[in-house]
Every structure is written in structure tokens, then in C-alpha cells.
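Working notes, structure below.
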Amino acid sequence: MSEDHNYKSLSKKIVNWYKKNARNLPWRHTTDPYTIWISEIVLQQTTVQQGLEYYNRFIKAFPDVNTLANASEDEVLKLWEGLGYYSRARNLHFTAKHICQDLDGVFPTTYKELLKLKGVGPYTASAIASFAYNLPHVVVDGNVIRLISRLWGIEEAVDIKPTLSRIAEIGTQLISHQEPSVFNQAIMEMGALCCTYKNPSCDKCPVSASCVARHNDIIASIPYKSKKIKKSKRYFYYFHIIDNEGYTIIHKRSDKDIWQGLYKFPLQEVSGFDVDPNASFIGFNNHDIDTYKSRIFKQTLTHQYIHAQFCIIKLPYSVAEIDNPAYIISPNDKLSSFAWPKIIDLYFKDLSITLF
DNA sequence: AACGCGGGGAC
DNA sequence: GTCCCAGCGTT
């Protein structure tokens, strides 16, 4: 029962467990708010395993806020390519410029001020406040939600505000005021390594004796989420236009849709691949041009199933003759310098093997 | 409050 | 296939 939970004792056990079992991760060796900020944004909705290499590359390319602020959005997105949730990279760049231009290059030092930064929400503000400044703001991420909801036997949906608020209150009671930074690392690490979603290691858990979910044998049903995701299907014909001088047409995605800020070929979205591609919207008549159709590429996103097929159009003249201000003309051998969605990157990889 | 945003991994 | 991951901005 929750009244039996001794916050101080639980907190101490969690921290002690961490000191013996912590992974050696690069962002744990610094109190530099910039570095910590980068790590936290990279790791949002991302596993440590997937984010680690991106973090290292990012810090190497942009070692301080000034370097990041002076980079172009394309450079930032290129480094982010393949990591997903690209608004994180755009907001990161926006906030770096904001800090340099409006805050004299000085990182905010309070939770409240951190929260005002674009891309920084309650979790990230708490993380920076605790890891950089040792302030006692508890982090509530997926790991913490899982650990606390099980420990306290919270069966209510954890994806609604009242439950989240209760979990945050419990975390606030738990957090060590001597070493809030270590406690925050510890409770997340516990969730990530011990109190895992599937097959948690209760036998190695330092607080399993206090775990209500374990006591009531309801671990598998906690945390409970009420929202269901609906996936739609989308079919993309991309027109890869290659002219007689080694150039092709691309453009930057700017509409409110997936992959904003990344690049694409001229695109025709259809209701299914039983519909034939029709390049007339970019001024081509399919019958006049030597065309090749790629295999169908598939990618699953959180809310969408994407299908893509690439129609190669080989032009007997120069693409410079095509007048459209939205288009960017790129040499074929420079295409890899742009940031592409995964599904187009897969096409490039296929292309290098099968065609050229 | 509900929704959409990527990609990889565990099971 | 399902669900998750150092969440957030928008509507």
C-alpha cells in the first residue's frame, strides 16, 4: 500500500542501485548545460543505443551553442538524418540562435526559464535543471512513469493528466535534495535497465519488496495507456528526373506533413499503386520520356504506413530549362549532401547497387 | 485533451 | 503484428 512507502528509504535504494549498475554514458560526465541540452533532445523518444552515435557526432560538429547557432538548418538536419522527429533538430537550431541573439549566449539557469525554450518541455527542463545546476526538479519520462506506476500500483491510464500529475508528485517526494542530479539519473536508469516494459528484472530490483504491482501480480498490466493509435496508408510516386548533363530536380519539404525540412523529389501522392503515375504536374508527358520504375519501398511510421515508388525520368535535355522556383537543381553526385527521409535513403542505396 | 511527429528494437 | 523509447508543439 502506498502509505507504507518510505520515500527516503526508496530513494536511497534507487540511488545505491544506480551507483553499482550505471552505464558509462558520455553526457553523465559533464555539467555543461549546452551538452546536456543536446543529449536530452537527441534522446527524446529515442533509445540510448540509437541516440549515442548521433549525440557524439552532433557534439563534435557543434561543440558549443555558438557553433550551432551559426550553422545552417540544412547542416543541422543532415546530422539528424535518420534519427526521426525532425522538429527536434529544427527547434534545437532555433533555440541556439535565440540564446546567442537574445540571451547573450548564456543558457537559462532556472526551470521556469528553461521551459520557455522551444523544444524544451517539462521533462527536458527538469533534466537540464538537475544535471547542469543540481536543482531538485524530478524528471518524468517513460522510464519514471513505468517505475512509479508499478511501485505504487497505479492502474489508472498514465497518458492522462491527473495520473501524470500524481506520478510527478510522487517523484517530487522521492527526489533526493542532497543529490537530485544523481537521483534523476538513477530513477531513469532503473526504469531502462531493471523495470523494463517486458520481463522486468524484479529479482534484481532493490525496491521490489515495496512494489504494489509485484505484490498484486499486475506488473504486466501496468503502466496502462488508454489511447489507441490509428494508422493510415499513403502511396508516394517520386519522380527522379535525371537530365543529360548530370543534374536532377529536388525540393525541400515545407508543408505541414511528415519530414518537414528534409528533401524530396517531385512527388505525386496517390490513393494506391493501382493508379498510374502521371508526371504532367511537373510538365512531363509520360509517353515522351524514357522511364524506369523502382521497386516499392515500405516504411512504417507511428501514424502512417508509407509506400513509395520511384519513377526515373531520363531527360534528353537540361533540367535548367524547367522553370519552377520551388525546385532546386542538384548535381547527381551532390544528392547525398542533402538530408533525406529514410525511405528515400533506402532508394539511393538500392540505386547504387542496381543501376549505376 | 487529442493528435501527429520517425525510426529502431524487443518480443 | 504490438508496444516502447531520457517528449514536444499544435490545435
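As a basis for the values below, the full set of heavy atoms in this structure was taken, side chains included, without hydrogen atoms, waters or symmetry mates. By convention in this document, chain letters (A, B, ...) are assigned in the order of the sequence lines, proteins followed by strands, and residues within each chain are numbered from 1.
- In this structure, A:Arg28 reaches the bases: a heavy-atom distance under 4.0 Å links it to at least one base atom across the strands shown.
- Taking atom CD on A:Glu53 and atom P on B:dG8, their separation rounds to 14 Å, with Å as the unit.
- Counting non-hydrogen atoms under 4.0 angstrom, A:Ser87 reaches nothing in the nucleic acid.
- In this structure, CG of A:Leu115 is placed 12 Å from C1' of C:dG9, rounded to the nearest angstrom.
- Computed from coordinates, the A:Asp255 CG to B:dG4 P distance equals 16 Å when rounded to whole Å.
- When each of A:Asn199 and A:Ile160 is assigned the nucleotide of DNA chain B with its nearest heavy atom, A:Ile160 is the one assigned upstream, toward the 5' end.
- Following chains of ILVMFWY side-chain contacts shorter than 4.5 Å, one can reach A:Leu10 starting from A:Ile170, so the two form part of one hydrophobic cluster.
- Taking side-chain N and O atoms only, A:Gln45 has a distance below 4.0 Å to OP1 or OP2 of C:dG7.
- For the P atoms, the distance linking C:dC3 with B:dC3 amounts to 16 Å, nearest Å.
- Looking at heavy-atom distances under 4.0 Å, A:Asn91 makes contact with sugar-phosphate atoms alone, never a base.
- The P atoms of C:dC8 and B:dG8 are separated by 23 Å, rounded to the nearest whole Å.
- With A:Phe297 as the fixed residue, the ring-ring contact (aromatic ring centres under 6.0 Å, His included) test singles out one of A:Phe310, A:Tyr235, A:Phe236, A:Tyr238: A:Phe310.
- Residue A:Trp80 places none of its side-chain N or O atoms closer than 4.0 Å to OP1 or OP2 of B:dG7.
- For A:Arg88, the listed nucleotide lying nearest its side chain is B:dG6; candidates were C:dG7, B:dG7, B:dG6.
- With B:dG9, B:dC11, B:dG7 as the choices, the nucleotide that has an atom nearest any side-chain atom of A:Lys198 turns out to be B:dC11.
- In summary, the side chains of A:Gln185 and A:Arg28 do present a donor paired with an acceptor at a separation below 3.5 Å, with no hydrogens or angles considered.
- Residue-to-nucleotide contacts include a donor-acceptor pair under 3.5 Å from the side chain of A:Tyr85 to the base of B:dC5.
- In this structure, A:Tyr197 reaches the sugar-phosphate backbone alone: every heavy-atom distance under 4.0 Å involves primed, P, OP1 or OP2 atoms, never a base.
- The side chain of A:Tyr86 places an N or O atom within less than 4.0 Å of a non-bridging phosphate oxygen (OP1 or OP2) of B:dG7.
- Between A:Glu169 and A:Arg166 no salt bridge is recorded (no basic side-chain N to carboxylate O distance below 4.0 Å).
- No contact: A:Gly51 has no heavy atom under 4.0 Å from any strand.
- Contact between the side-chain N/O atoms of A:Lys342 and the OP1/OP2 oxygens of B:dG8 is found at a separation under 4.0 Å.
- Within the 4.0 angstrom heavy-atom criterion, only backbone atoms of the sugar-phosphate kind lie near A:Thr124; the bases stay farther away.
- In this entry the distance linking CG of A:Asp159 with C1' of C:dG7 reads 14 Å, nearest Å.
- Where A:Ile41 and A:Pro223 meet DNA chain C, the nucleotide closest to each residue was compared, and A:Pro223 sits on the side nearer the 5' end.
- In this structure, the CE atom of A:Met188 is 19 Å from the P atom of C:dC4, given to the nearest Å.
- Distance CD1 (A:Ile128) to C1' (C:dC8): 13 Å, rounded to an integer number of Å.
- Closest contact between the side chain of A:Lys225 and the listed nucleotides C:dC5, B:dA1, C:dA6 involves C:dC5.
- Look at CD on A:Gln304: it is 9 Å from P on B:dG6, rounded to the nearest Å.
- Within the cation-pi definition used here (under 6.0 Å to the ring centroid, within 45° of the axis), A:Arg90 does not qualify as a partner of A:Phe94.
- Side-chain proximity of A:Lys227 to the nucleotides C:dA6, B:dA2, C:dC5 is greatest for B:dA2.
- At a threshold of 4.0 angstrom between heavy atoms, the contacts of A:Trp27 include nucleobase atoms, whether or not backbone atoms are also involved.
- Look at the C1' atom in both B:dC11 and C:dA6: the space between them is 22 Å, to the nearest Å.
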Verdict with reasoning, A:Lys78 to A:Glu81, per salt bridge (Lys or Arg N to Asp or Glu O under 4.0 Å)
CA-CA 5 Å; A:Lys78 183 63 189 174; A:Glu81 183 184 45; 2.8 Å; yes
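- Among the atoms of the strands shown, none is found under 4.0 Å from any heavy atom of A:Ile36.
- Comparing the P positions of B:dG6 and C:dT11 gives an interatomic distance of 15 Å, to the nearest angstrom.
- Defined by atom type and a distance below 3.5 Å, a donor-acceptor pair is missing between the side-chain atoms of A:Glu179 and A:Ser176.
- Put simply, the side chain of A:Thr302 and the base of B:dG6 share a donor and an acceptor less than 3.5 Å apart.
- As a whole-Å value, the separation of A:Arg146 CZ from B:dA10 P is 15 Å.
- For A:Lys256, whose side chain is taken as the heavy atoms from C-beta onward, the closest listed nucleotide among C:dT10, B:dG7, C:dC5 is C:dT10.
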Determine, stepwise, if the pair A:Arg234 / A:Asp257 fulfils salt bridge (Lys or Arg N to Asp or Glu O under 4.0 Å).
CA-CA 12 Å; A:Arg234 300 178 72 181; A:Asp257 199 352; 2.8 Å; yes
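- Minimum atom distance to the side chain of A:Lys118 is reached by C:dT10, of the listed B:dG6, B:dC5, C:dT10.
- The residue A:Val42 sits apart from the nucleic acid: no heavy atom pair falls under 4.0 Å.
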